[in-house]
Amino acid sequence: VCPNHVLNLFDDYETLFEKFSTNTKRNLKKKTELEITINEQVLVADFLELCEKQSFWRPKFRLVAEKIINDAIKNDIGQIVGIITIDGELLSACFLLKSSHRIIYHIAASTERGKSNFAMYHLVNYLVKKYAGNNLLFDFEGSKVDGIARFYRSFGAEKVDYYRVEKGFLVSLLKLNAFKK
């Protein structure tokens, strides 16, 4: 069982905002020393450069991630959205996958400056506001890391468990059942 976090975007933004945690509302109100803006067309190379500075990133991810992201964007089912400073510094960004009923927050990354200025809070808030009132689910995907899961829940996302088949599990199960009389 893997935890997932999903936010139903059926309601209007004001109703969704009511469900944000007190801490998230406070972080969104905090003033930063930076003038920031949204960029809905972050370049793949810039996004991957930001990802490469994250602790979760492994160099072997680069080629596969680049291909998946480029193909998704080319097929109009993917997008990289980011928070940038007035001078063009990318503070936070996320790669989204889109389907007819779901927006998947697939990969996200922030600089230290972005973290200290709550850039990811502003980015997720922007996305919730943009897609609110639609027949969509905002799928944060899962995380077993408490801090990340707490961040997702702070926007009103609900935990939904999903099951996955581990390599070899299904084969073992089939063999076990195949030999029962």
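Below, each value reflects all heavy atoms present in this structure, side chains not excepted, and no hydrogens, waters or symmetry copies. Source: prediction; values computed, not measured.
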Report task. Would you please name every residue forming a ring-ring contact (aromatic ring centres under 6.0 Å, His included) with Phe20, sequence neighbours left out? Result ->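 With sequence neighbours excluded, Phe20 shows a ring-ring contact (aromatic ring centres under 6.0 Å, His included) to Phe17, Phe155, given in chain and number order.
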**Report entry** Sequence-distant partners of Phe10, ring-ring contact (aromatic ring centres under 6.0 Å, His included), two or more places apart
**Finding:**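 Scan of Phe10 (ring-ring contact (aromatic ring centres under 6.0 Å, His included), adjacent residues dropped) gives none.
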Hey, what do you get for [atom1] ([X]) to [atom2] ([Y]), rounding to the nearest 0.5 Å?
| X | Y | atom1 | atom2 | result |
| --- | --- | --- | --- | --- |
| His122 | Lys129 | NE2 | NZ | 10.5 Å |
| Asp11 | Glu18 | CG | CD | 11.0 Å |
| Ile80 | Leu43 | CD1 | CG | 8.0 Å |
| Ser92 | Leu50 | OG | CG | 7.0 Å |
| Cys94 | Ile104 | SG | CD1 | 12.5 Å |
| Leu96 | Ile107 | CG | CD1 | 10.5 Å |

Flag the pair [X] / [Y] as yes when at least one side-chain heavy-atom distance between them is below 4.5 Å, and no otherwise.
| X | Y | value |
| --- | --- | --- |
| Leu28 | Phe118 | no |
| Val42 | Val81 | no |
| Val44 | Ile73 | yes |
| Phe138 | Val6 | no |
| Leu91 | Glu89 | yes |
| Met120 | Lys115 | no |
| Ile83 | Leu123 | yes |
| Leu7 | Asp139 | no |

Can a donor-acceptor pair be found, under 3.5 Å and without considering hydrogens, that links the side chain of [X] to the backbone of [Y]?
| X | Y | result |
| --- | --- | --- |
| Asn75 | Asp71 | yes |
| Asn117 | Ala119 | no |
| Asn125 | Tyr121 | no |
| Arg113 | Ser110 | no |

Hey, any chance [X] and [Y] share a hydrophobic cluster, counting ILVMFWY side chains that come within less than 4.5 Å of each other, even indirectly?
| X | Y | value |
| --- | --- | --- |
| Tyr152 | Leu136 | yes |
| Ile38 | Ile36 | yes |
| Tyr126 | Phe47 | no |

If you take all heavy atoms of [X] and [Y], which pair is closest and at what distance?
| X | Y | answer |
| --- | --- | --- |
| Trp57 | Cys51 | CB-O, 3.1 Å |
| Leu97 | Ala72 | CD2-CB, 3.7 Å |
| Arg62 | Ala45 | NH2-CA, 4.4 Å |
| Ala132 | Leu16 | CB-CD1, 3.7 Å |

Under a 3.5 Å threshold, yes or no: a donor from one side chain and an acceptor from the other, between [X] and [Y]?
| X | Y | value |
| --- | --- | --- |
| Asn4 | Asp161 | no |
| Asp12 | Thr15 | yes |
| Glu141 | His106 | yes |

Query raised in the report: Ion pair present between Glu40 and Lys130, side-chain N to carboxylate O less than 4.0 angstrom?
Result: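 Looking at Glu40 and Lys130, the cut-off is met.
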**Report entry** Note: Arg150-Asp146 ion pair, threshold 4.0 Å (strictly below)
**Finding:**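 Salt bridge: no.
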Query raised in the report: Tyr105 pairs by ring pair (Phe, Tyr, Trp, His ring centres under 6.0 Å) with which of Phe151, Phe140, Phe95?
Result: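 Going through Phe151, Phe140, Phe95 one by one, the ring pair (Phe, Tyr, Trp, His ring centres under 6.0 Å) with Tyr105 is satisfied by Phe140 alone.
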Neighbour count >12 (heavy atoms, 6.0 Å) for atom [atom1], [X]:
| X | atom1 | result |
| --- | --- | --- |
| Asp76 | CG | no |
| Glu52 | CD | yes |
| Lys159 | NZ | no |

Query - Qualifying residue for side chain to side chain donor-acceptor pair (under 3.5 Å) with Ser154, from Asn27, Asn23, Thr24 - result: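 Exactly one pass, corresponding to Thr24.
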Report task. Scan Ile69, Asn70, Val64 and name whichever one has a side chain to side chain contact (heavy atoms under 4.5 Å, CB included) with Glu66. Result ->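 Output: one option passes, namely Asn70.
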